[in-house]
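Have a look at the structure below, then the notes.
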Amino acid sequence: MIITTLNKKILILPFFLMLMFVSFASAGSELDAKKVTVPIVLHLKWFHQFQFAGYYAAVEKGFYQQEGLDVVVRERNPDSNPVAEVLSGRADFGVSDSSLIVARMGGAPVVLMAAIFQHSPLVLISLSELNILGPRDLVGKRVMIQRDVDDALIVATLNQMNIDESQINFVPHNFDNWALLKGEVDVMSAYITNQPYLYRQQGRSVNIINPVNYGIDFYGDNLFTSEEMINDKPEIVKAFQRASIKGWEYALSHSDEIIDLIYKKYQGQNPKDINGLRYEADMTRAMVKPNVVEIGSFNKARFNHIAEMYQERGRVPKDANLDGFFITDYFQQEDQSSVNFRRLSVITAISFLLALLLLAINYKLKAIIADKTRDLVVARDAAEASARSKSTFLASMSHEIRTPMNGIMGMLTLVSRSHLDSVQKHQLKLASNSARALLSLLDDILDFSKIEAGKLDLESVDFNVIELMSEIAQTHAFRIQKKRLEFVFDIHEVELEQVKGDSGRLRQIINNLLSNALKFTQSGSISLIVSTSKKAGGEVIVCCRVCDTGIGIEETKLNTIFENFTQVDASITRRYGGTGLGLAIIKQLCVAMNGQVSVTSELGQGSEFVVTLPLLESDLIPELDDHVTLANYVIGVIGDQQQSCQALANQLQRWGAQLEVLDSENAYTAIDRFFADHSHPVIIFITLECIINDQDRWSYWVEQSPKNIQWVLIMPINQGDEAQLLSSVKFTFTLLSPVVPQQLRAVLSELLNASSKDKSVAVIDVDSRLSSAQNLNIAEQCRVLLVEDNYINQVVACGILEDMHLRVDCVENGREAIDTMALMSSSDPYSLVLMDCQMPVMDGYQASRLIRAGEAGNAHVNVPIIAMTAHSMQGDKEKCLEAGMDDYLAKPLDAQLMEVKVIENLHRAIQQSLKDTEL
Ligand code: ADP
């Protein structure tokens, strides 16, 4: 910007200076114009003709007038010559040829002002028929010359050619143009600018002897004045000189105009025809040489040389000289052009200096800018490096903080399971709530700073929407159910399971919304309802609704809750805690994924958050549902929680079952009628709350029910003391709520297989393996390997596993794990491995890969491996699965979630091994 401005200034400056110059240059003549006009007489050496064009032009174009001079141009007077006219004062200025030198050296105080003709137009002409071609031919001829005027030039030419002048018959000039024709003389001096033309006009050709061709080069017409004039009126002399030169410049560049002027106005005593004037103009220009020398300029040395020739001829005294002859001897001739030249030089010099100055400033500024740019680049690089290190810092901070938090929370869990009084239990609960809150706060701050730093990296991975949502639902189920809230998980509208997008961020969003729902809901239900719809171009819109029947949000606050650090009001913060960052992060994440989040809520009634994300259809082919074709089945669902039952019913219906949700208020009657109505194979899904208060009767019912009836118990995920009580009731299967499609499919496929065989055997078999009550017995037979290098984590994980009555061995790194497992492979193989990811010697990823490769013995090639990692950053789960692990637990370990995962994986392993032995 600065440079551009400077450049403009550099451009403007010369223009400005030019303006100054123009006004400065014209200032003198303007001032002069105001002067009183001085009458001036210029006496010419000949009659009016183009030879004096410059003076007429100066008069007619007002150049003299502009100088304050009123000039009369007077033509030749036969009775007097210009020198006499000027010296007598009858004229102020005169025009003379080089004979002016003779006058000066003869004592006349004349002063040369300007040499107009750079060459003399004086030549000798003769009629062609006389055949006089050169100076030698002049010998014996009558030669008419102007004595005292022409003879120096002519004699000098003769001398140059070594011709004795006495051999020539010189005749005084009679100024008759036609003297040659009349035969009065053989040769006459004439002006090359005129007479040859006149003779040619008469049809006579003439020979010309031009002294220039013989090396004799005199000046022609000169402008002069008297010493007196110079001394008395120097300003007038200068003014006259300036205007005359200007007139000559004009006349030679506008010759047609001046020819016309002379023809009309300056015919005088010796009239000319227009063509004669044109001829003269051309010849005059050749003498004046305006394109070669500055008009009026003269060379003193050349004048001195001419003077010497006169001296040699004896025309002037030997001791005479030209001192005082030149105007420059009186004052430094300052003609306008030289003044202008000087002014221009000064201005140019100033301009040059200013330009130099500006260039220097420009250069300096460029240097400053270059310095600043360098500084900025350094600062930017530093900022980028700092941002990079901030990102790394965030990641490692996440890891470093989670590890001790894992210890704290794990220990709290273990202590809470020991025998405590109610006050201690309460205190412990508060401690673990605080720890959990601290962890979620840390997660929020990490995310928030990442988004702020523009470091939010989005992934695009293939994932199964139903599996992802099921995992999330299971993670939250325990706490939701513990709060005695109904948890509705409805995914029956998921048409397309396999999609591509950032599963980690979607999980984060839904987790956050479910946590909020749980936080702000004291009674009623929390729902996670998911649907997908396919759009053109491989786009899949995933829509997740998280609804609750909690405290709700004031309408006026609905617009602001997605802003950073916004909470509805301070009392909510006091009561429920939080930072007001969660929803802001959700919003930013949705925007980053080109999706959106919205909320509707009614105070005291509850809220509904809807997240809509455009994901992509996955290239992976979805698994087929062929094992759950329920067309021949009639299914009854009975439970206190209407919405959950309906969600289950929706899912079963989608698989083709004929379905009825039965009245739980009058369960016996409803089921009785249901049996009576259907002869098809019937499956009853019944929730724990329905039977918990009347177990014996239900036990009888289940056992006595007809053979085509299968019973599936749905019980809360926190299989607390109630579950222990159920050992007496022999259900065919047990499912944990919320019922997730994967488990439902597994149970149904078992049911369908069993019913095609002998039902009683099938029931006993399946029952003995999978009933919830017997999970504990199975657990005792299972041996689990814990691979963990951190002592506190070992204690925590071991504590949880031992609480589950599992046999646990503990090793500290992957290498030890492989060795121990290889040792146990044939005798007592492990049923499950819990694998930390980051360990010394060998990490969990490497160890898992080696286990799958058979390095830990054949019995362990398919052993379930659950990863435990403090890395909760994106892509961790995928990394674990890629290494061959089956499942994933984030640290700090959530005891309940760990139990669920352990049981699930053990079930799967046992089912698989039973299948293998059956085969
Ligand atoms: P915080 O960490 O405070 O929960 P959020 O950004 O997640 O921050 O939520 C901002 C505010 O929005 C909360 O403080 C609460 O007032 C309100 N809010 C969020 N979810 C719910 C909900 N499900 N029910 C009622 N109020 C909610």
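We count ligands from 1, going down the list as the structure has it; atoms in each ligand are counted the same way. Values below: all heavy atoms of this structure, side chains included; hydrogens, waters and symmetry mates excluded. It should be emphasised that the depicted structure is a prediction, and the values quoted were computed from it without experimental measurement.
- Looking at Ala584 next to ligand 1, no N or O pair under 3.5 Å apart turns up.
- Below 4.0 Å from some heavy atom of Gly582 lie the following atoms of ligand 1, by number and element: 5 (P), 6 (O), 7 (O), 8 (O).
- Residues Ile561 and Ile553 come closest through the heavy atom pair CD1-CD1, 3.8 Å.
- Here the side chains of Asp836 and Leu786 are not in contact, with every heavy-atom distance at 4.5 Å or above.
- With a 4.5 Å cut-off on side-chain heavy atoms, Phe609 and Arg545 do not count as touching.
- With a heavy-atom cut-off of 4.0 Å, Leu513 does not touch ligand 1 at all.
- The side-chain hydrogen bond (donor to acceptor under 3.5 Å, both in side chains) test with Glu486 is passed by exactly one of Ser523, Ser525, Ser527, Ser644: Ser644.
- In summary, the side chains of Asn464 and Glu497 do present a donor paired with an acceptor at a separation below 3.5 Å, with no hydrogens or angles considered.
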Please walk me through it: do Arg505 and Glu459 pass salt bridge (charged side-chain N to carboxylate O under 4.0 Å, His left out)?
CA-CA 9 Å; Arg505 292 302 180 185; Glu459 285 192 336; over 6 Å; no
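- Residue Lys519 touches ligand 1 through its side chain alone, judged by heavy-atom distances below 4.0 Å.
- Note on ligand 1: Gly552 sits in its first shell, one or more heavy atoms being nearer than 4.0 Å.
- Taking every heavy atom of Leu583 and a limit of under 4.0 angstrom, the matching atoms of ligand 1 come to 5 (P), 6 (O), 7 (O), 9 (O), 10 (C), 12 (O), 19 (C).
- Taking distance alone, with nitrogen or oxygen atoms compared against 3.5 Å, Asn512 stays at or beyond that limit from ligand 1.
- Look at Phe609 and you'll find a heavy atom under 4.0 Å from some atom of ligand 1.
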